[in-house]
Structure formats: structure tokens, C-alpha cells
There are 2 protein chains.
Amino acid sequence: MIKVAVVEDHPIMVEGLKNILRSDAGIQVCGDYGDGKSVLQALEKSQPDVILMDVNLPDTSGVNLCGEVKKKYEDIKVIALSIHDEQPVIHSMLQNGASGYVLKNALGNEIIRAIYAIMDGEEYLCSSTKEALKNADMELLKAIPRITRREKEILQLIGKGLTTMQIADQLFISTHTVESHRKNLMEKFGVNNTTSVVKLASEYKLL
Amino acid sequence: MIKVAVVEDHPIMVEGLKNILRSDAGIQVCGDYGDGKSVLQALEKSQPDVILMDVNLPDTSGVNLCGEVKKKYEDIKVIALSIHDEQPVIHSMLQNGASGYVLKNALGNEIIRAIYAIMDGEEYLCSSTKEALKNADMELLKAIPRITRREKEILQLIGKGLTTMQIADQLFISTHTVESHRKNLMEKFGVNNTTSVVKLASEYKLL
DNA sequence: AAATAAATCCCGGAAAACAGGGGTTTTGTC
DNA sequence: GACAAAACCCCTGTTTTCCGGGATTTATTT
């Protein structure tokens, strides 16, 4: 019996997943969690074999959560569930130890297939994910930049349309500091203007 | 018996919805459709009382689809289902004739409540939606701006990080023209810098 | 305790965007 | 065909961002 935990913040989705998984005799859903914190708590008591993990969670990103889970419990397999087929997101999840990546527009049995595949030690990507990765060589694929708390804060204010000066005023720091952060953000994202940073950040759900 | 049709492109979500709706004796799910085209076809043969409609569909937006459905079949009630609680999206759906707006992170019974409420002629907004609308008076609420082909083209190039001059070169128009479009975009979005335009456009799925 | 990363601050010149006016020519719709 | 809307073009001055260097102080992490 494969024990599966579901991490997903949309109750309707959870309902659908549980329904699908119940239909398979070899799988047992041992719990569902709506955010990262609750699943980390639950893992301290008992561990499932597989975690089906939504990439977009209210309190943390699936990318981070996946990394944390794999750091502490390396034997737990993680399958990422996502509505996004953006390469950097997929790439980051896999780099953080996910064994599978299934898009939410997948059919129910694709998830069951994924669970069995990764329990056999394989890596499972759904067809659309494979498609999305195909025309990009893994080497050049850039992961989602790791940005600091402060950078994120500034990024959000930039996204709101504030100018450097307004941000400086609001955070009680100098405009020079804001400009430094802006510069660092552009560098981390590999672009040369703030607009692109905001666009990418918004694609990567960093805003 | 209330006949409900489900328009939603994520099979797992469909599964969850049907499961929830089945649990209520007064509701009958009379069909599910993965895109706008198939539901419009199906409506020609028979009409449900209520359509649960995802706002993000592969072939069209829920906003457009809702408008089309209501134009042809004004008696069908539409409940929008969405992961977004952005005011303009909500507002646009309601303006296009939706009778309800429920976020996907809602509980299952909230959807059943919504169905009964709108069958009683009420308008139903889930709590988070109400929250999102609260601190904005409906009058000032701006809908998603209607942008022209050309503006969209320019918006995308801006999003790619090109400067006004690069865009002008690429489209064989003068920088002045590009600046005019940029200006118009800012005005339509009600913001005063391009970064915000890009952020909003990306939120509204216009990029 | 040492090393790394984060956050802060600083400068000046160049490049770009913004603001706020003006006007003409297509294109589409009633 | 009339009318409106879109797309196009032009100008000047101001503000803001970008780029290229710096440096210092505080966390973290090892």
C-alpha cells in the first residue's frame, strides 16, 4: 500500500484528487494539508511514501517546501502538481528534489501512473511538461533566481508602481540602497530593466 | 432538480466538483466541458439552469464566454469559478452577466450554497470575493482595459525588456509612436509607469 | 571564528522614460 | 458615406532609471 499525502490549498481540487486516488486499490491517501506549515508539522509524526504537492501554496512556494521536505526526509518522493508549464518553475522543482511534475490539466489516471512510476524509482513528467522542456537544453535553462527578503519587498513595491524615491521613503532607507537592490534584482534575473524583472517575477509567482 | 453544467479545463477539478455536487440531492450535473467551444455547441441542444464556469479557459476567457452565453441564453445563470480575486476580473465577470463568483479555494459547500442562492434570484459572492471588493467602491472600479492589437504587440515587446527605440526599429515605426502607445497603455491601466502596466497585464493574462 | 551573504550607503554621467501638449491617416462600423 | 476609433507621427522639458564603479555594517552559515 502506497501512502500518499496531498498538499493543496484548493479544497475542490483536494476532493478531486482524493476521489481519483481512492479508485486505486494500491494507494491510500493518508492526509491532506492546505499549506506548507501544516505538512511539515505532520511529517514529524509520520511520513508518507509520496507527497503530491501543489506548486502554489498560500504560505510558501512548492519549490521551497519541496527542498525542505527532501532535506529532512530524503526518502519521501515528491510529485509537483501545477497549473504552470513554465520551464524555470519545472526546472526549479526538479532541482529541489521533486521526482515528478504533473500539470493540473492532466487526466486523473496520469497522476496514478506518476505515483507508480516514481515508486519504481523513475522520474515522471507528464506529456505537456515534457513538451515544455523539450526545446530547451537543461544546461542553459536558468532556474528561478534566489532573491532575498529585502529584494522581494522592494520588488513588490516596484510592482506597485512606486519610484525609487517613494520606496526609499517608505522603507526608511536611502535611494541609493533601493537602487542597489534594483541593480541586484536585474542582475539576478539576467535582464537590464526593471520592467522585465517584474514580468519574470510575476511569471515565477514571486510577487 | 437543478441542472448544472461544469465548464472547466482541469479534469481533477472537474472530478472534485462533480463529487461535491453529487452529494446534494437537488442538483444534477448534466455535463462537463473543457473549453468554450464545446459548451456553446452543447447549449444549442439543451440548456442547464446553471453553468459553473472557470474564468481561465484554454480557448477563450471566462469573461468573454460568459458574455456570449448570456447574450444567447439570458435565463442561464452563470457562476464564475476562479483562482483570482483581482477586482477587475471579478468586476468584468459580473458585468458580463455572471450571477456568482466563487474562488477555487472555497469549500465545497460554498458552491452548493451559491447554486441555491442564485436559483433564488440572488447574486452570490464568496467571502473572499466580498473581501476583495469591499474597499473599492463599485463606481471607481476599473474593468480590465480593452487594448488594441497594436498596443498588445507593444506591450509584449516592452515585457520582453526592449526599449522604446528597439521597439520602434522592430516595428518600423518612430519612437514617438511607441511612446504614444506606451502613454495610452499607462492611461488605460490607470497607472503612471510601464512597469505597473506590465505587472497588471500579466495578472490579467493579457501578455 | 572565519567566511559568506545580505543589507546598507555613496557618486556621477548617460540613457531612457514620463508628462503633456500638438496633428494626420487608416480602418472599421453603423 | 459619415463618424469614431485606432494607429500613426511630432515636439520639448523634466524626472527617473541605468550603469559603472565603490565601501561599510550586519546577519547567517560553516
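Note on naming: letters A, B, ... go to the chains in the order of the sequence lines (proteins, then strands), and numbering restarts at 1 for each one. Values in this document were obtained by computation on a predicted structure and should not be read as measured data.
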### Message
Taking donor-acceptor contacts at under 3.5 Å, does the side chain of Thr177(B) reach the base of dC10(D)?
### Response
no
### Task
Grab the NZ-C1' distance between Lys183(B) and dA6(D) for me, whole Å please.
15 Å
### Message
With side chain to side chain contact (heavy atoms under 4.5 Å, CB included) as the criterion, how do Ile83(A) and Asn105(A) come out once you've worked through the C-alpha distance, each side chain's angles and the decisive distance to 0.1 Å?
### Response
CA-CA 7 Å; Ile83(A) 35 169; Asn105(A) 64 13; over 6 Å; no
### Query
Got Asp35(A) and Asp9(A) here, is their nearest side-chain heavy-atom distance under 4.5 Å?
no
### Query
Once you round it to whole Å, what is the distance between P of dT16(D) and NE2 of His176(A)?
14 Å
### Summary
Asn184(B) CG to dC9(D) C1', in whole Å, measures 13 Å
### Separation of atom CE in Met165(B) from atom C1' in dC18(D), rounded to whole Å
14 Å
### Message
Within the 4.0 Å heavy-atom criterion, would you say Ser180(A) contacts the bases, only the backbone, or no part of the nucleic acid?
### Response
base
## Note on the structure
Contacts of Glu179(B) and Phe172(B) projected onto DNA chain D by closest heavy atom; the upstream (5') one is Phe172(B)
### Rounded interatomic separation in angstrom, taking CG from Leu171(B) and C1' from dC9(D)
14 Å
#### Entry: Segment of DNA chain C, first to last nucleotide, that comes within the 4.0 Å heavy-atom reach of chain A
dA6(C) to dC11(C)
### Message
Assuming nearest nucleotide by heavy-atom distance, tell me which of Asn193(B) and Ile154(A) is located more 5' along DNA chain C.
### Response
Ile154(A)
### Query
Just wondering, more than 12 heavy atoms not from Gln28(A) lying within 6.0 Å of its CD?
yes
### Task
Could you tell me whether His181(A) contacts a base, only the sugar-phosphate backbone, or nothing, with contacts defined as non-hydrogen atoms closer than 4.0 Å?
base
### Query
Closer to the 5' end of DNA chain C via nearest nucleotide, is it Ile147(A) or Arg149(B)?
Ile147(A)
### Message
For Tyr101(A) and Glu123(A), which I'm curious about, is there any donor-acceptor pair between the side chains at under 3.5 Å?
### Response
no
### Message
Tell me whether the count of non-hydrogen atoms from other residues, nucleotides or ligands lying under 6.0 Å of NZ in Lys152(B) goes above 12.
### Response
no
### Query
Thr194(A) near the nucleic acid: base, sugar-phosphate alone, or nothing, with a heavy-atom cut-off under 4.0 Å?
sugar-phosphate
### Task
Mind calculating the distance between CD1 (Ile173(A)) and C1' (dT24(D)) to the nearest angstrom?
15 Å
### Message
So that I can tick it off, tell me whether Arg182(A) and Glu179(A) are bridged by a salt bridge, with the cut-off set at under 4.0 angstrom between side-chain N and carboxylate O.
### Response
no
### Message
What's the separation between atom CG in Leu157(B) and atom OG1 in Thr163(B), rounded to the nearest 0.5 Å?
### Response
10.5 Å
### Message
Side-chain N or O of Thr163(A) versus OP1/OP2 of dT15(D): is the shortest distance under 4.0 Å?
### Response
no
